Amino acid sequence: VQLQASGGGLAQAGGSLSLSCEVSGNTFSIHDMAWYRQAPGKQRGPVASITTSGSTNYEDSVKGRFTISRNNVKKTVSLQMTSLKPEDTAVYYCSATVKVLTGDQIHEFDAWGQGTQVTVSS
């Protein structure tokens, strides 16, 4: 199972960027999907998450500015970021809780993407 993130880049404060992440591989099922970020010198922390049914949760600092969405058929999760601030600068990681079928057993684990840089200039 692999997660491939794309998007990100450089934006000015007040601008917008979009991130996308695709899950590939032989998954039995995909459950919660999420975006995390890690700024220089800080620990990785959650930004937004979305359940299979579409229920969302956001970190307080991004509420009203970021929107997470998913496409269960395409196995993708996206993050639309608007009204960007310099403090949004970080490496963004996508994550998905997946189940895989190995023989007659189902294994569940959290898979991570490789990270994509978002830089917001003031």
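Since the structure is predicted, the reported quantities are computational estimates derived from the model, not experimental observations. These values consider heavy atoms only, across backbone and side chains, with no hydrogens, waters or symmetry-generated copies.
Here the CD-CD distance, from Gln43 to Gln38, works out to 8.0 Å after rounding to the nearest 0.5 Å. In this structure, CG on Asp110 lies 11.0 Å from NE2 on His31, to the nearest 0.5 angstrom. Distance CG/Asn72 to CD1/Ile50: 8.0 Å, rounded to 0.5 Å. With rounding to the nearest 0.5 Å, the separation of NZ in Lys75 from OG1 in Thr27 is 3.0 Å.
With sequence neighbours left out, the salt bridge (charged side-chain N to carboxylate O under 4.0 Å, His left out) criterion links Asp32 to no other residue.
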Report task. Show your working on side-chain contact (heavy atoms from CB on, under 4.5 Å) between Phe66 and Thr82 and close with a plain yes or no. Result -> CA-CA 6 Å; Phe66 290 10; Thr82 63; 5.6 Å; no
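Counting heavy atoms from C-beta outward, Gln4 and Ser6 have side chains that stay 4.5 Å or more apart. For the pair Ser24/Gln2, a side-chain contact is recorded, criterion being any heavy-atom separation below 4.5 Å from C-beta on. Side-chain contact between Thr52 and Arg70 is present, with at least one heavy-atom pair separated by less than 4.5 Å.
A side-chain donor-acceptor contact under 3.5 Å links Tyr58 to the backbone of Ile68. Within the 3.5 Å criterion, the main-chain N or O of Val120 finds a donor-acceptor partner in the side chain of Thr89.
Tracing side-chain contacts under 4.5 Å through hydrophobic residues (I, L, V, M, F, W, Y), one never reaches Phe28 starting from Val23; they form parts of separate clusters. There is a path of hydrophobic side-chain contacts, each under 4.5 Å, that joins Leu3 to Val100. Residues Val47 and Leu17 fall within the same hydrophobic cluster, defined by Ile, Leu, Val, Met, Phe, Trp and Tyr side chains chained together at heavy-atom separations under 4.5 Å. Residue Val62 is not grouped with residue Tyr36 when hydrophobic side chains (ILVMFWY) are merged at heavy-atom distances under 4.5 angstrom, including chains of intermediate members.
The heavy-atom pair separating Ser16 from Gln80 by the smallest distance is CB-NE2, 4.2 Å. Closest approach of Asn71 to Lys74, counting heavy atoms only: OD1-N, 2.8 Å. The two residues Arg37 and Ser61 make their nearest non-hydrogen contact at NH2-OG, 3.2 Å. Between Ala111 and Val1, the closest heavy-atom pair is CB-CG1, 4.2 Å. Taking every heavy atom of both residues into account, Ala48 and Leu79 meet most closely at CB-CD1, 4.2 Å. Taking every heavy atom of both residues into account, Thr97 and Glu108 meet most closely at CG2-OE2, 3.5 Å.
Counting non-hydrogen atoms of neighbouring residues, nucleotides and ligands closer than 6.0 angstrom, the CD atom of Glu87 exceeds 12 such neighbours.
Contact check on Lys85 versus Asp88 returns no salt bridge, with no Lys/Arg side-chain nitrogen under 4.0 Å from an Asp/Glu carboxylate oxygen.
For the side chain to side chain contact (heavy atoms under 4.5 Å, CB included) with Trp35, the qualifying choice from Ser95, Cys94, Ser49 is Cys94, the only one to do so.
Residues Thr76 and Glu22 have side chains that never bring a donor and an acceptor to within less than 3.5 angstrom of each other.
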